[in-house]
2 protein chains.
Amino acid sequence: MARRLPGAGPPANDLTGKARIRNAALDLFAEQGVDATSLRAIASAAGVTVGLIVHHYGTKEVLREAVELAIVDRFSETIASVPLGSRPVDQIAAARDEAVAEMLSTNRAIVDYLRRALLDGSAERGDLVSRLSQLSAQQVHDLRAAGVASTKHTVGDQVVTIMVRQLGRLFLQPLVDRISREFDDDMGPSRTPPQLIVDVSH
Amino acid sequence: MARRLPGAGPPANDLTGKARIRNAALDLFAEQGVDATSLRAIASAAGVTVGLIVHHYGTKEVLREAVELAIVDRFSETIASVPLGSRPVDQIAAARDEAVAEMLSTNRAIVDYLRRALLDGSAERGDLVSRLSQLSAQQVHDLRAAGVASTKHTVGDQVVTIMVRQLGRLFLQPLVDRISREFDDDMGPSRTPPQLIVDVSH
DNA sequence: ACCAAGTCTGTACAACTGTACAGTAACTGA
DNA sequence: TCAGTTACTGTACAGTTGTACAGACTTGGT
């Protein structure tokens, strides 16, 4: 129940309550889904009370939007970490892809949240897909201006390709693992894991 | 509020209350997810009261299992509709795949439910994946016994391949459509839709 | 005709949900 | 030092949830 440590500066965990709430919400949303996660569970995970969540975010819906915004920001930062001028133009695209892939591989919660949010289909409450698409479209424009990206296809087609290639494998992988595990008893479990291939053709 | 029509035989809708409840549950579970679907919503969609759901299924969890069992049964029936002796052995596999694909294409609710259930990842409450995997494994055994299926790979690998090929595209398609729609404003909306490619390599 | 079984309704309830709000503690700048 | 803003707690509340249960209607067998 201790709030910010009395005398001395920032708490051991140097995040503000607002940020801790957002992080805890992302983790729980990713684990169990938004609907199945109560504000009380978030509060307890963040070490605060429900009242503080309401104070900072007002409603659960606003909190969810803040979580999504934080995810989009993470993508932005990651892409921006490989600026256009940093290396030969023909390597920029690959370098950015790799940076995003690495960011995602160290943030299981983001992948899990995105899987739920993007595959929901009809539920489309926020505009997460819009924001990520715009981010991706901006990248395509950058690369086109630098003369790297082909202009044979439309921007839309290229965005679909980028996003599906990046995310498709991550989304489907749990299913592959789950099915593989189903047969670990019969065969040796130490076999080469199946590799997913996800692409789109226009 | 009318129960089974008083004098004359079965109701216009010739399904029993128990089956109507199961069907309504599948539809709503697929649309909004299990957690977000209340028993009252199911009851209202099925034209019965909550009490009847409890009478027939006891708990929501049992109802969910009944829904999943019905899905697995549907797969079984579909595969069985193309018996081993019905045509040249080398066409059996393709014919069965096509039958399943057609069944899925006319049952959006099944696809939507499976997408949620199979991609949930950790949530794995029931053993839906187990049951579908076993069904698939049985099919592989049949085809091997008939000398059609290769024995180069393990059964597990072949099951993964079958299931991911069948389901992967269906699961990812909403994402592709959603992103494509994002760019319909910029480009003409009547373009050739992107085609998904999902496969696994071992 | 009668009874047992099955189908179905309506009401009730405790647990949990998101939200509201009044109050307390800490920090800020003048 | 003091006032104002911000961070935070604890309690309260109305709505919804899953489940329980008592009773009414219908059906099938003897």
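First the proteins, then the strands, lettered A, B, ... as listed; each starts at 1.
With rounding to the nearest 0.5 angstrom, the OG atom of B:Ser133 is 13.0 Å from the CD atom of B:Gln138.
Look at NE2 on B:His55: it is 13 Å from C1' on D:dC25, rounded to the nearest Å. Between B:Ile53 atom CD1 and D:dC21 atom P the separation is 18 Å, expressed in whole Å. Residue A:His56 contributes atom NE2, which lies 16 Å from atom P of C:dT19 at whole-angstrom precision. Spacing between atom CG of A:Leu39 and atom C1' of C:dA20 amounts to 13 Å, rounded to whole angstrom units. For A:Lys18 and D:dT6, the NZ to C1' distance is 11 Å, given to the nearest whole Å. At whole-Å resolution of the value, CG in B:Leu52 and P in C:dG10 are 12 Å apart. Atom CZ in A:Arg20 sits roughly 14 Å away from atom C1' in D:dT9 (whole-Å rounding). Rounded to whole Å, atom P of C:dG18 lies 13 Å from atom CZ of A:Arg64.
At a threshold of 4.0 angstrom between heavy atoms, the contacts of B:Val48 are confined to the sugar-phosphate backbone, with no base atom among them. Residue B:Ser38 is classed as a sugar-phosphate contact, given heavy-atom separations below 4.0 Å to backbone atoms only.
Map A:Ala36 and A:Gly58 each onto its nearest nucleotide of DNA chain C; the residue landing nearer the 5' end is A:Ala36. Mapping A:Arg40 and A:Gly51 onto DNA chain C by nearest heavy atom places A:Arg40 at the nucleotide closer to the 5' end.
Under the 4.5 Å side-chain criterion, counting only non-hydrogen atoms from C-beta, B:Ser180 is in contact with A:Val160. Between A:Ser150 and A:Gln158, the closest side-chain pair of non-hydrogen atoms falls below 4.5 Å.
Under the 3.5 Å distance criterion, with hydrogens and angles disregarded, a donor-acceptor pair is assigned to the side chains of A:Glu68 and A:Tyr113.
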